[in-house]
Structure formats: structure tokens, C-alpha cells
2 protein chains.
Amino acid sequence: MSITAFTRSVSDVAAESGVAPSAVRFYEQHGVITAIRTQGDQRRFDDSAACRIRVAKVAQRVGLTVREIAEIFAALPADPQPDDWGRVATTLIDEAESRTAALKAYLTDMRGGGRLCEIEV
Amino acid sequence: MSITAFTRSVSDVAAESGVAPSAVRFYEQHGVITAIRTQGDQRRFDDSAACRIRVAKVAQRVGLTVREIAEIFAALPADPQPDDWGRVATTLIDEAESRTAALKAYLTDMRGGGRLCEIEV
DNA sequence: CTGAACCCTCAACATATGTTTAAGTCAAGC
DNA sequence: GCTTGACTTAAACATATGTTGAGGGTTCAG
């Protein structure tokens with residue numbers, strides 16, 4: 001087992017993930033990432049923090065909210081392994097495809113009837 | 001050619017589309033739907049308004065903003081025909097699939113390297 | 001051990017997406 | 001033609017997603 005190192009500061013994670021420090025604090029507040037605190041009350045993150053944020057940004061683009069993303073990431077242990085990420089990836093992709101499928105189904109039904117838009121919702 | 005009838009009031013469109021009257025006004029302000037005005041300054045919408053709103057709601061679920069949806073709907077003429085809706089549908093689906101593809105690519109690259117998340121952005 | 005650079009919280013601001021409410025106007029049936 | 005319900009605008013409120021700034025504390029390299 002590897003020892004999880006909580007060595008990254010807010011600005012470290014911000015630089016690694018490409019978002020502003022304020023966003024790093026925001027994502028921590030909302031459970032997308034987690035931190036331990038130093039004696040002086042400063043946040044320290046592990047390697048996975050920047051990763052989680054980068055994945056979160058892409059997931060937001062397919063319509064997932066920060067809350068939904070945090071819920072999905074709740075399945076990730078500290079120091080996540082490939083299998084852990086794999087399960088999360090599957091969940092995210094399934095959700096994205098499900099939403100796209102709903103869009104396609106709606107548009108297809110709309111055309112299918114020739115009624116353009118009188119379909120039942 | 002069919003004569004486009006602008007006969008629907010705000011509450012008519014709200015009822016047809018399943019959103020609140022305030023949302024109907026909001027979507028008009030943001031260009032998702034368009035209205036003519038009566039002599040007394042009340043909004044009147046045509047048949048396509050409720051349809052546009054229902055499509056917009058589904059499109060929002062895949063991450064499109066109201067602004068983006070309005071831009072895509074700008075290609076719809078008054079009294080849109082099946083072909084017009086078809087082009088809009090294609091644009092919406094392409095965008096949704098593009099975003100899902102970006103998510104998949106990101107997650108696949110992440111796993112692929114075995115580095116979990118040290119991929120270049 | 002000290003100073004520069006970074007961190008803390010909290011509050012205000014900003015944008016997107018709506019809803020609610022107040023004060024006043026319009027429309028449609030009787 | 002009047003009444004009643006729906007409409008108008010504008011502003012305030014609410015939630016999501018952040019950013020900025022003030023006032024003060026922490027860390028770490030030298």
C-alpha cells in the first residue's frame with residue numbers, strides 16, 4: 001500500500017489543474033476534493049486533487065453539476081487506484097450518454113410523428 | 001406556404017411546454033423564443049414556441065447554455081419545417097456527442113498511461 | 001529569525017438561470 | 001361596458017458557480 005501524501009497547497013493544485021485558487025477552495029467546500037489541514041490551518045491536498053478537478057471541469061461540460069460530480073467522486077478512496085478511477089469514469093460516461101440519448105430520443109420522436117413538436121412529454 | 005399564427009399567450013406556452021410563465025418570459029428575453037406584441041403590448045407566440053422550450057430544456061441537460069441554445073435556434077425560421085428542425089437537431093446532437101467524446105477521451109487518456117492523471121492538458 | 005509570499009475566513013461582487021412580488025394595464029365573457 | 005383574470009415591467013430574491021478584496025495569520029528560504 002502506498003502512503004498518501006498530502007503535500008499540495010491551494011496554489012499548487014490550482015497550477016496543476018488550471019483553475020484559480022478560489023476555485024480550488026470552492027471545490028473543496030463542495031466535496032469535489034478533500035484536504036487535510038496543517039497546524040496553521042492551511043489546506044494540503046494529495047495528488048488526486050488536481051486530477052479530480054480536471055475531470056470535474058470536463059464533466060461540467062456535459063451538464064453535470066458540482067453536486068452531482070461530488071456524489072460520483074464520493075466513490076473514490078484516498079489515493080485512488082486505476083480500478084477506482086475506472087468505475088468513476090464509467091459512471092460519468094454513462095451519465096453523459098444517458099443525457100445525450102434523452103436528447104436524441106426527444107428530437108427523433110419530434111420528427112418521427114411528422115407533427116414536429118406535438119409529442120407527449 | 002402556411003400562415004404563421006401568433007395566437008399563444010404566455011400562459012398558453014407555459015402550459016404547453018411545462019415551464020412557469022416567468023420562464024417563458026425569460027426565454028423570450030434571451031432569444032430562445034420570439035413573440036409579437038398585441039396593441040396592448042401583450043406577447044403572442046406561435047406553435048413553435050412551446051416546442052423550442054421543450055427542446056431547450058433537454059439541451060440544457062447536456063450542458064448547453066441558454067445563450068448557446070438561442071444561437072442554434074437562430075437558424076430556425078418562423079414556422080419551422082421538418083428540415084429546419086432536422087438541421088437544428090443535428091447541431092444539438094453533434095454538440096452533445098462532441099462534449100461526451102471529450103469526456104471519454106480525457107478519461108481514456110487518464111487510464112491509458114497508467115499514470116492515472118498526469119496527462120498533459 | 002525574519003521577510004516575502006502564500007494562506008486563512010468572510011463578505012461582497014459577478015454571471016447564469018429562474019421565481020416572486022408590487023403596481024398598474026389589457027382582454028374577453030357576460 | 002364592466003368585471004375578473006391574465007398581462008405588463010421592474011426590482012428583489014434564490015440557487016449555482018465562481019472571483020475579488022480586506023484584514024489578519026503561516027511558512028519557508030536565506
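In what follows, every chain begins at residue 1, and chains take the letters A, B, ... in the order their sequences are listed.
- Between B:D12 and A:Q60, the one whose closest nucleotide on DNA chain D sits nearer the 5' end is B:D12.
- For residues 19-35 of chain B, proximity to DNA chain D is found at B:R25, defined as any non-hydrogen atom under 4.0 angstrom from a strand atom.
- Between A:E95 and A:R99, at least one side-chain N (NZ, or NE/NH1/NH2) sits under 4.0 Å from a carboxylate O, which counts as a salt bridge.
- Near DNA chain C, meaning a heavy atom under 4.0 Å away, the residues from residues 64-75 of chain B are B:T65, B:V66.
- Here the closest heavy-atom approach between residue A:R54 and residue B:Y106 is recorded as NE-OH, 2.9 Å.
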Please list, pair by pair, any protein nitrogen or oxygen found under 3.5 Å from a nitrogen or oxygen in nucleotides 22-29 of chain C.
unit_1	atom_1	unit_2	atom_2	d
C:dA27	OP1	B:T38	OG1	3.2

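- Inter-axis angle, ends of the helix from C:dC1-D:dG30 to C:dC30-D:dG1, five pairs per end, rounded to 10 degrees: 10°.
- Under the 3.5 Å distance criterion, the side-chain polar atoms of B:D94 are left unmatched by any main-chain donor or acceptor of B:T91.
- Interatomic distance, B:I72 CD1 to B:R52 CZ, rounded to the nearest 0.5 Å: 12.0 Å.
- Closest heavy-atom contact between A:A20 and A:A14: C-CB, 4.0 Å.
- Here the shortest heavy-atom pairing between B:V32 and B:A56 reads CG1-CB, 4.1 Å.
- The two residues B:I33 and B:A49 have their closest heavy-atom pair at CG2-O, 3.6 Å.
- Counting only residues at least two apart or in different chains, ring-ring contact (aromatic ring centres under 6.0 Å, His included) contacts with residues 8-38 of chain B comprise B:F26-B:H30.
- Nucleotides of DNA chain D with any atom under 4.0 Å from a heavy atom of chain B span, from 5' to 3', D:dA6 to D:dT9.
- Residue A:W85 holds its CH2 atom at 8.5 Å from CG of A:L92, rounded to the nearest 0.5 Å.
- Across every non-hydrogen atom of A:E68 and A:L64, the tightest pair is OE1-CA, 3.3 Å.
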Hey, mind stepping through B:R37 and B:R43 against side-chain contact (heavy atoms from CB on, under 4.5 Å) and telling me if it holds?
-> CA-CA 5 Å; B:R37 296 294 181 126; B:R43 292 169 184 84; 3.5 Å; yes
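- Taking CD of B:E97 as the start and OG1 of B:T90 as the end, the distance is 10.0 Å to the nearest 0.5 Å.
- Of the possible donor and acceptor atoms, none in the side chain of A:S48 sits under 3.5 Å from a partner among the backbone N and O of A:C51.
- Smallest separation of non-hydrogen atoms from A:T100 and B:A96: OG1-CB, 3.8 Å.
- To the nearest 0.5 Å, the span separating CD1 on B:I53 from CD on B:Q60 amounts to 10.5 Å.
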